[in-house]
Amino acid sequence: MQEPDYSILAKLTQPTSRNVKRVSLAGQVFGRWTVYGLMGYAKTASAMSYWLCRCSCGNWSIVAKGKLKTGNSHSCGCQNFEEKQPDLLY
């Protein structure tokens, strides 16, 4: 099981009254990701939100809302690994 990369937390800001009214993704499932909670917002004009997610294989990661919503992030990479494995038939 892999811990999330916490280095991104230094680049995030906490919610303010301006951006606190956003819709929560907690509990929603996107591909193999299950969203657990809001980690913070990017320090940019768009204030992209970042969420703590757990993959169905057990790995944790911090994923941008945009990647979840658009489907650009389906899993921690385990799905790609499984798709590349040849079917073993004996």
Side-chain angles (χ1 to χ4, degrees):
M1 220 179 308
Q2 180 182 346
E3 289 288 322
D5 179 14
Y6 292 111
S7 64
I8 194 165
L9 294 178
K11 300 174 185 172
L12 301 179
T13 183
Q14 293 301 311
T16 64
S17 60
R18 183 177 66 105
N19 58 17
V20 82
K21 295 179 182 176
R22 297 182 183 214
V23 176
S24 175
L25 299 180
Q28 294 186 38
V29 177
F30 298 90
R32 292 188 178 189
W33 290 123
T34 300
V35 181
Y36 278 83
L38 178 65
M39 297 302 292
Y41 296 93
K43 297 176 184 176
T44 63
S46 65
M48 171 84 62
S49 58
Y50 286 82
W51 297 82
L52 178 64
C53 300
R54 186 172 188 184
C55 186
S56 61
C57 72
N59 288 333
W60 291 86
S61 188
I62 299 170
V63 185
K65 176 185 175 183
K67 290 191 175 196
L68 292 170
K69 290 289 218 173
T70 61
N72 287 338
S73 181
H74 299 101
S75 69
C76 66
C78 64
Q79 185 176 10
N80 294 335
F81 178 75
E82 289 172 3
E83 289 173 357
K84 290 180 182 176
Q85 295 297 313
D87 292 331
L88 300 176
L89 299 175
Y90 293 96

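Computed from a prediction, not measured in an experiment: that's the story for all the values here.
Distance check, rounded to the nearest 0.5 Å: CZ of F30 to CG of N72 gives 12.5 Å.
Of all non-hydrogen atoms in M48 and G66, the two that sit nearest each other are SD-N, 3.4 Å. Residues V35 and L25 approach most closely at CB-O, 3.3 Å, considering heavy atoms. When all heavy atoms are compared, the tightest approach of M39 to W51 is CG-C, 4.0 Å.
Side-chain contact between C53 and L68: present, with at least one pair of heavy atoms (C-beta onward) separated by less than 4.5 Å.
Residues that satisfy the side chain to side chain contact (heavy atoms under 4.5 Å, CB included) test with S73, not counting sequence neighbours, are W33, V63, K67.
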